[in-house]
Number of protein chains: 2
Amino acid sequence: MSVSEDNHSGLTRNQGLVLDALSRADAPLSAYTILDQLRDAGFRAPPQVYRALEKLVESGRVHRLESLNAFVACQHPGCDGHTTVAFTICEQCGRVAEVSDTALVERIREIADASGFRVSKSTVELRGLCAQCVPSA
Amino acid sequence: MSVSEDNHSGLTRNQGLVLDALSRADAPLSAYTILDQLRDAGFRAPPQVYRALEKLVESGRVHRLESLNAFVACQHPGCDGHTTVAFTICEQCGRVAEVSDTALVERIREIADASGFRVSKSTVELRGLCAQCVPSA
DNA sequence: CGCAATAATGTGATCTTATAACATGACACT
DNA sequence: AGTGTCATGTTATAAGATCACATTATTGCG
C-alpha cells in the first residue's frame, strides 16, 4: 500500500479515490481532470467528483484554489490544524505551497474589525514564480 | 448625462458600455449578467463582454473577484492608483468594498520574500457580513 | 433480526462561465 | 489604393458546476 493511500479514516470510497488523485498530483487538479483520472475506478459523471470534493474541503483535507478553479490536497501531515491562510501558486511549475502566517491572519482580522466586517472565509492566493522557477536563481 | 457615464476617456464604445453597467450595479456582476443588460445596446455574444472586461481589468478600472467569478467597477474616484489589495464581500447584501492596506501588502511581501517567491498578482478576498448586515448591529 | 431513516452513489440533463476560431469593419499612415 | 493594427461581430465549443431523480449502502433502533 502506497503512502498516498493512507489516512482515509472516515472517508467513503469516492472521497478516498478523489483524495488519492489529488495526493498523487504535484499541482492543482480541476474537477474534470480528477474525473478523467478516475474513469477506470468507475467514475462517470461530475457530481461524483464534486460531492467528494465538497466533503473533503469541509473536513480540511483538500483546499480549493479560487483563482484556478482547481483543488489541492492539504499538505499538512495529519491535516489536524487547518491553519492555512494563504497559498503561493507558481505560474511556471504549477506547484502550490500553503502558508500559515499569524501576522497575516492578525492583519486581516484588524482590517475586518476596522470596518465592522465579520469574516467567515478568507481567500489569499499569491500568483507568481516560486524560488526554483525564478530566473535569477 | 449621468455620473455613471463619465470617465470614459480612452475607452471604446463596448468598454464604456460594460463599465457603465458595472458602475450602475451595487454588487458584482457576472459576464453573462452584463451581456443580458447590454442586449438592447447591441451586444449579442460573450466575447464582446469578455474582451471589454479584459481591457478594463488591465487598466484597473474594473476588478475581477475570483471567488465569485464576477466583476466590479473600481470604486476609487479617478482610478489612478491601483492600490487595492483586498476586497470584503458581503454574503448578505452582496456589496463589495475595496481595501488598501499598507501593512497587509507589507506582510504579503515578507511572506513571499521568506520563501523566495516572486509575487506577480495577489488575490485577497474576505467573505462574510458587512457592518450593515451583521445581526447584532 | 427487521425496518425506517439517513447518507452516499449513479446517471442524465442542464446551467453557468470562458475561450477558440474566423470574418468583418474602422481608422491611421504612406 | 495598400497595409497594418485594433476593435468588433458571430458561431461554436470548451470548461466548470449544479439539478433532479433513481438506486444502493449504512446506520440506528424497536
Side-chain angles (χ1 to χ4, degrees), chain A residues 8-22 25 27-59 61-72 87 89 91 94 96 121 123 125 127, chain B residues 8-22 25 27-59 61-72 87 89 91 94 96 121 123 125 127:
Chain A
H8 287 23
S9 58
L11 296 185
T12 66
R13 168 181 157 80
N14 284 4
Q15 289 162 21
L17 288 168
V18 168
L19 182 55
D20 281 347
L22 287 172
L29 298 182
S30 75
Y32 278 74
T33 300
I34 295 170
L35 176 57
D36 285 341
Q37 291 189 8
L38 296 180
R39 298 260 181 216
D40 293 343
F43 274 49
R44 298 307 199 76
Q48 297 174 289
V49 177
Y50 281 104
R51 286 195 284 236
L53 284 171
E54 184 182 0
K55 294 301 176 65
L56 291 168
V57 169
E58 259 178 44
S59 67
R61 273 176 270 239
V62 165
H63 302 294
R64 180 197 179 98
L65 299 172
E66 304 284 357
S67 67
L68 294 179
N69 292 328
F71 304 81
V72 286
F87 299 91
I89 303 169
E91 291 175 320
V96 171
K121 178 175 185 293
T123 297
E125 300 178 11
R127 307 280 293 267
Chain B
H8 286 24
S9 57
L11 296 186
T12 66
R13 168 182 156 82
N14 284 3
Q15 290 164 18
L17 288 167
V18 168
L19 182 55
D20 281 347
L22 286 171
L29 299 181
S30 75
Y32 279 76
T33 300
I34 294 171
L35 175 57
D36 285 341
Q37 290 189 9
L38 295 180
R39 297 259 182 217
D40 294 343
F43 274 49
R44 297 306 200 76
Q48 296 174 289
V49 177
Y50 281 103
R51 288 197 282 237
L53 284 171
E54 185 182 359
K55 295 301 176 67
L56 291 168
V57 168
E58 260 178 41
S59 67
R61 273 176 270 240
V62 166
H63 302 294
R64 178 195 181 101
L65 298 172
E66 303 285 358
S67 67
L68 295 179
N69 292 327
F71 303 82
V72 286
F87 300 91
I89 304 170
E91 291 176 320
V96 171
K121 178 175 185 294
T123 298
E125 299 179 11
R127 308 280 294 265

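Order of the sequence lines fixes the chain letters, A, B, ..., with proteins taken first and strands second; residue numbering starts at 1 for each chain.
Between B:L53 atom CG and C:dT17 atom C1' the separation is 12 Å, expressed in whole Å. Atom-to-atom, CD of B:E66 to C1' of C:dA18 comes out at 13 Å; the value is rounded to the nearest Å. Summarising the geometry, the separation between CG on A:L17 and C1' on C:dA8 is reported as 13 Å, rounded to the nearest angstrom. In this structure, B:L35 places its CG atom 12 Å from P of D:dG9, rounding to the nearest Å. Put simply, CD on B:E54 is 13 Å from C1' on D:dC6, counting in whole angstrom units. In this structure, A:R44 atom CZ and C:dA13 atom C1' are separated by 16 Å, rounded to whole Å. The CZ-P distance, from A:F43 to C:dG12, rounds to 16 Å in whole Å. Atoms CZ (B:R13) and P (D:dT8) sit 9 Å apart, rounded to a whole Å.
Looking at heavy atoms from C-beta onward, B:L11 lies in side-chain contact with B:L56 at the 4.5 angstrom threshold. For the pair B:L68 and B:R127, the minimum side-chain heavy-atom distance is below 4.5 Å.
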Where along nucleotides 13-26 of chain D does protein come under 4.0 Å, by heavy atom, of base (B) or sugar-phosphate alone (S), with - for untouched nucleotides?
-> ---BBBBB------
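When each of A:I34, A:L29, A:N14, A:L19 is tested with A:L53 by the rule side chain to side chain contact (heavy atoms under 4.5 Å, CB included), just one qualifies, namely A:I34.
Within the structure, every side-chain polar atom (N or O) of B:T12 is placed at least 4.0 Å from both OP1 and OP2 of D:dC6. One finds a side-chain N or O of A:Q48 lying less than 4.0 angstrom from the OP1 or OP2 phosphate oxygen of C:dG10. Side-chain nitrogen and oxygen atoms of B:K55 include at least one within less than 4.0 Å of the OP1 or OP2 phosphate oxygen of D:dA7.
B:P28 approaches B:A70 most closely through the heavy-atom pair CB-CB, 3.8 Å.
A donor-acceptor pair shorter than 3.5 Å cannot be found between the side chains of B:E66 and B:T123.
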Distance-only criterion, 3.5 Å: show the donor-acceptor pairs between side-chain atoms of residues 39-50 of chain A and protein atoms not counting sequence neighbours.
from, atom 1, to, atom 2, distance (Å)
A:R39, NH1, A:R44, O, 3.2
A:R39, NH2, A:D36, OD1, 3.4
A:Q48, OE1, A:R44, N, 2.7
A:Q48, OE1, A:A45, N, 2.9

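Between the side chain of A:R61 and the backbone N or O of A:Q15, no donor-acceptor pair lies under 3.5 Å.
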